[in-house]
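Below is one structure, written out as structure tokens; comments come after it.
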Amino acid sequence: MRSTATPSPSATHLVLIPSYNPGPKVFDTVMAARAQWNPVWVVVDGSTDGTAEELQRMAGEDAGLRVLVLPHNRGKGAAVLHGLDEAARLGYTHALTMDSDGQHPAGLIPQFMAESAAAPARMILGRPVFDASAPLLRVRGRKVSNAWANLETLWVGIGDSLYGFRVYPIAPLQKVMRGQRWMRRFDFDPEAVVRLAWRGVRPVNVDAPVKYFSAEEGGVSHFNYLRDNTLLTWMHTRLFLGFLLRLPLLLLRRLGGG
């Protein structure tokens, strides 16, 4: 049986991993996260690849691991919201989200949690450091989303709008998501940071490496260039309209140093 003596469980901060058909990489991801933090929760978003059963078996041997299973695929944002609601019900105040496919650096979990504990009202955003494995099209494309996100927040300081390795204060993120119908799929990460910034939740940016795995290395990608970029375009269209409505307030906040 796997030992859970270390690390000690946190009563305020948890790791939340949404997972949809990630393949075997998810098991390495979960074990790496558990080596750094307690508790770790996985929200299985209607996976059909058999990973839910193995994750549940792992959780049965590890008190620091919990697996929540959704019967149907709802999207990344919906899976995160499901986990946030349960976490808030149990008294947790902050959640570090990370992808299930091994791209995010589990070794930096303690640093990000420490940053959050030092500034609990802020969101701690990973700022990706790419290596040679990163697809050039993805690296260039995210610059467009980042430019829009910074415009929509009057350059409040969002280092990267798309990188999902980050710590959120749970209560304001719940309010943002419950207040509208969007943010339930691939649009979750960028819309979350923009809307939280509108609510006065300021970002702290921390550099973090990102690793893209090839299919031969067990990498699984659900990114669809046409579908997901169309979704992002629609997202930034509605965010820009929201930005125009909030512009006087955002200007006052910036002029006041808030």
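Remember, it's a predicted structure, so these values are computed and weren't measured experimentally. When reading the values below, keep in mind they use all heavy atoms of this one structure, side chains included, and skip hydrogens, waters and symmetry mates.
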### Message
Test question: given the 4.5 Å side-chain rule for I, L, V, M, F, W and Y, name all other residues clustered with Leu249, or answer none.
### Response
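Via sub-4.5 Å side-chain contacts, Leu249 links to none.
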To check you understand the geometry: which heavy-atom pair defines the closest contact between [X] and [Y], and what is its length?
{"X": "Pro209", "Y": "Leu108", "result": "CD-CD1, 3.9 Å"}
{"X": "Val15", "Y": "Ala33", "result": "CG1-CB, 4.5 Å"}
{"X": "Val30", "Y": "Leu65", "result": "CG1-CD1, 3.7 Å"}
{"X": "Pro203", "Y": "Gly157", "result": "CG-O, 3.5 Å"}
{"X": "Val201", "Y": "Pro169", "result": "CG1-CG, 4.1 Å"}
{"X": "Gly83", "Y": "Leu68", "result": "CA-CD1, 4.3 Å"}

### Task
Tell me yes or no: between the side chains of Ser161 and Ser145, is some donor less than 3.5 Å from an acceptor?
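The criterion, which ignores hydrogens and geometry beyond distance, is satisfied for Ser145 and Ser161.
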#### Entry: CA sep, side-chain torsions, deciding dist, call: Val40, Leu14, side-chain contact (heavy atoms from CB on, under 4.5 Å)
CA-CA 6 Å; Val40 172; Leu14 78 157; over 6 Å; no
Counterpart residues, salt bridge (charged side-chain N to carboxylate O under 4.0 Å, His left out), relative to [X] (two or more places apart):
{"X": "Glu152", "answer": "none"}
{"X": "Arg181", "answer": "none"}
{"X": "Glu53", "answer": "none"}
{"X": "Asp207", "answer": "Arg127"}

Report the distance from atom [atom1] of [X] to atom [atom2] of [Y], rounding to the nearest 0.5 Å.
{"X": "Arg74", "Y": "Tyr20", "atom1": "CZ", "atom2": "OH", "answer": "14.0 Å"}
{"X": "Leu84", "Y": "Leu16", "atom1": "CG", "atom2": "CG", "answer": "6.0 Å"}
{"X": "Leu239", "Y": "Leu244", "atom1": "CG", "atom2": "CG", "answer": "11.0 Å"}
{"X": "Thr29", "Y": "Met98", "atom1": "OG1", "atom2": "CE", "answer": "6.0 Å"}
{"X": "Arg185", "Y": "Leu232", "atom1": "CZ", "atom2": "CG", "answer": "14.0 Å"}
{"X": "Met183", "Y": "Glu191", "atom1": "CE", "atom2": "CD", "answer": "5.5 Å"}

Using modelled atom types and a 3.5 Å cut-off, is there a donor and acceptor pairing between side-chain atoms of [X] and backbone atoms of [Y]?
{"X": "Ser19", "Y": "Val44", "value": "no"}
{"X": "Arg246", "Y": "Gly242", "value": "yes"}
{"X": "Asp187", "Y": "Met235", "value": "no"}
{"X": "Trp37", "Y": "His13", "value": "yes"}
{"X": "Asn205", "Y": "Gly126", "value": "no"}
{"X": "Arg199", "Y": "Leu173", "value": "no"}
{"X": "Asp62", "Y": "Met58", "value": "no"}

### Query
Taking 4.0 angstrom as the limit, do Glu86 and Arg66 come out as a salt bridge?
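Yes, Glu86 and Arg66 are salt-bridged.
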#### Entry: N-O pairing of Lys143 and Asp160 below 4.0 Å
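Between Asp160 and Lys143 there is no salt bridge, as every charged N stays at least 4.0 Å from the carboxylate O atoms.
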Determine whether [X] and [Y] make a side-chain contact, defined as any pair of heavy atoms from C-beta on separated by less than 4.5 Å.
{"X": "Pro105", "Y": "Lys211", "answer": "no"}
{"X": "Thr51", "Y": "Val26", "answer": "yes"}
{"X": "Val204", "Y": "Met123", "answer": "no"}
{"X": "Glu115", "Y": "Val167", "answer": "no"}
{"X": "Ile158", "Y": "Leu125", "answer": "yes"}

### Message
Just to verify, what does Thr153 make a side-chain hydrogen bond (donor to acceptor under 3.5 Å, both in side chains) with, not counting sequence neighbours?
### Response
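None.
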### Message
Which residues pass the side-chain hydrogen bond (donor to acceptor under 3.5 Å, both in side chains) test with Thr97, not counting sequence neighbours?
### Response
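Result, side-chain hydrogen bond (donor to acceptor under 3.5 Å, both in side chains) vs Thr97: none returned.
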#### Entry: Trp148: which of Phe240, Trp155, Phe243 passes ring-ring contact (aromatic ring centres under 6.0 Å, His included)
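Passing option: Phe240.
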### Query
Taking a hydrophobic cluster as the set of Ile, Leu, Val, Met, Phe, Trp and Tyr residues connected by side-chain heavy atoms closer than 4.5 Å, whether directly or through intermediates, do Leu247 and Leu151 fall within one such cluster?
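Same hydrophobic cluster.
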### Query
In the single-linkage hydrophobic clustering (I, L, V, M, F, W, Y; side-chain heavy atoms under 4.5 Å), do Val80 and Leu90 co-cluster?
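In one cluster with Val80: Leu90, yes.
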### For Gln36, all residues meeting side chain to side chain contact (heavy atoms under 4.5 Å, CB included), sequence neighbours excluded
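Side chain to side chain contact (heavy atoms under 4.5 Å, CB included) check on Gln36 returns Ile109, Pro110.
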#### Entry: Non-neighbouring partners of Asp189 that pass side chain to side chain contact (heavy atoms under 4.5 Å, CB included), sequence neighbours left out
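Counting only residues at least two positions away or on another chain, Asp189 forms a side chain to side chain contact (heavy atoms under 4.5 Å, CB included) with Lys76, Arg166, Tyr168.
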### Query
Tell me, which pairs form a side-chain hydrogen bond (donor to acceptor under 3.5 Å, both in side chains) where one or both residues lie in residues 39-48, sequence neighbours left out?
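Checked against side-chain hydrogen bond (donor to acceptor under 3.5 Å, both in side chains) - neighbours excluded - the pairs reaching residues 39-48 are Asn21-Thr48, Asp45-Asn73.
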### Message
For Trp182, give me all partners under ring pair (Phe, Tyr, Trp, His ring centres under 6.0 Å), at least two apart in sequence or on another chain.
### Response
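Testing Trp182 for ring pair (Phe, Tyr, Trp, His ring centres under 6.0 Å), a comparison that skips the adjacent residues, returns Trp234.
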### Query
Excluding sequence neighbours, so at least two apart, what forms ring pair (Phe, Tyr, Trp, His ring centres under 6.0 Å) with Phe165?
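With neighbours one apart ignored, the set is His104, Phe112.
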#### Entry: side chain to side chain donor-acceptor pair (under 3.5 Å) assessment of Thr12 paired with His94
CA-CA 6 Å; Thr12 57; His94 293 76; 5.7 Å; no
### side-chain contact (heavy atoms from CB on, under 4.5 Å) between Gln103 and Lys25, intermediate numbers included
CA-CA 9 Å; Gln103 291 187 0; Lys25 278 288 181 185; over 6 Å; no
